[in-house]
Amino acid sequence: MSSQSLTTKQQEAKKVLLWLCFDCSLGGNPPGCHMHSLRLRSYAERRRMIDQMGGPECIQIHTLHRVCLARKESLMFAARSSEEESCIMDIGAVKIPE
């Protein structure tokens, strides 16, 4: 992957995180979401924290979001989803402070 396409991917991931810092794509702020504690902060604090994240961190969190969303959508389409279903994932080195 060229450095230009990596930079573009990092910028796009950061834009998505700025959008996701308000709500889950499916609504609300599920307790098991990797963005849950971030959403409890003020917008200014959320923005500052996301701006300070490195590109690889943004890409990793964005990837986790896409996997979680696909999983939840799959459950919904299979008519097996429930409101308690959460997306608890091991986000490794990416830690969002509580």
Side-chain angles (χ1 to χ4, degrees):
M1 179 180 294
S2 73
S3 63
Q4 183 177 8
S5 63
L6 180 60
T7 301
T8 300
K9 189 173 181 179
Q10 291 171 348
Q11 291 169 342
E12 289 302 313
K14 193 166 280 205
K15 286 178 191 177
V16 170
L17 294 185
L18 288 169
W19 176 71
L20 288 172
C21 79
F22 289 101
D23 274 327
C24 169
S25 297
L26 298 175
N29 187 18
C33 178
H34 52 279
M35 300 272 301
H36 179 79
S37 62
L38 183 68
R39 291 186 191 117
L40 299 175
R41 299 174 179 272
S42 70
Y43 174 72
E45 208 171 350
R46 289 180 260 171
R47 176 71 192 232
R48 180 187 55 75
M49 290 174 73
I50 291 170
D51 285 344
Q52 290 176 348
M53 283 182 192
E57 289 174 295
C58 291
I59 291 171
Q60 184 178 16
I61 294 170
H62 179 236
T63 300
L64 290 170
H65 162 71
R66 289 189 351 235
V67 169
C68 180
L69 181 61
R71 179 173 168 252
K72 285 187 172 189
E73 286 176 339
S74 175
L75 289 171
M76 285 172 39
F77 291 131
R80 291 181 284 151
S81 77
S82 69
E83 289 185 12
E84 293 79 37
E85 179 68 23
S86 64
C87 186
I88 299 173
M89 305 181 105
D90 177 15
I91 60 173
V94 178
K95 301 291 183 209
I96 299 175
E98 302 228 4

I want to check something: taking the side chain as every heavy atom from C-beta on, are [X] and [Y] in contact at a cut-off of under 4.5 Å?
X	Y	result
Cys21	Met35	yes
Cys58	Met53	yes
Cys68	Lys72	yes

Worksheet item: Does Glu12 pair with Lys9 as a salt bridge, N-O distance under 4.0 Å?
Response: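 Result for this pair is no, no salt bridge flagged.
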
Output yes when a side-chain donor or acceptor of [X] lies under 3.5 Å from a complementary backbone atom of [Y], and no otherwise.
X	Y	value
Thr63	Ile59	yes
Gln52	Met49	no
Lys14	Asp51	yes

Discussion item. List the residues meeting side chain to side chain donor-acceptor pair (under 3.5 Å) with Asn29, not counting sequence neighbours, and say none if there are none.
Written reply: His36, Arg39

Rounded distance (nearest 0.5 Å) linking atom [atom1] of [X] with atom [atom2] of [Y]:
X	Y	atom1	atom2	value
Cys33	Asp23	SG	CG	10.0 Å
Glu73	Leu26	CD	CG	6.0 Å
Leu69	Leu64	CG	CG	12.5 Å
His62	Leu20	NE2	CG	7.0 Å
Arg48	Arg41	CZ	CZ	7.5 Å

Discussion item. Would a single hydrophobic cluster contain both Trp19 and Leu17, if residues Ile, Leu, Val, Met, Phe, Trp and Tyr are joined by side-chain heavy-atom contacts under 4.5 Å?
Written reply: yes

Item to complete: Begin with the C-alpha distance, continue with both residues' side-chain angles, and end with the deciding distance and a verdict on side chain to side chain contact (heavy atoms under 4.5 Å, CB included) for Ile61 and Val16.
Response: CA-CA 10 Å; Ile61 294 170; Val16 170; over 6 Å; no

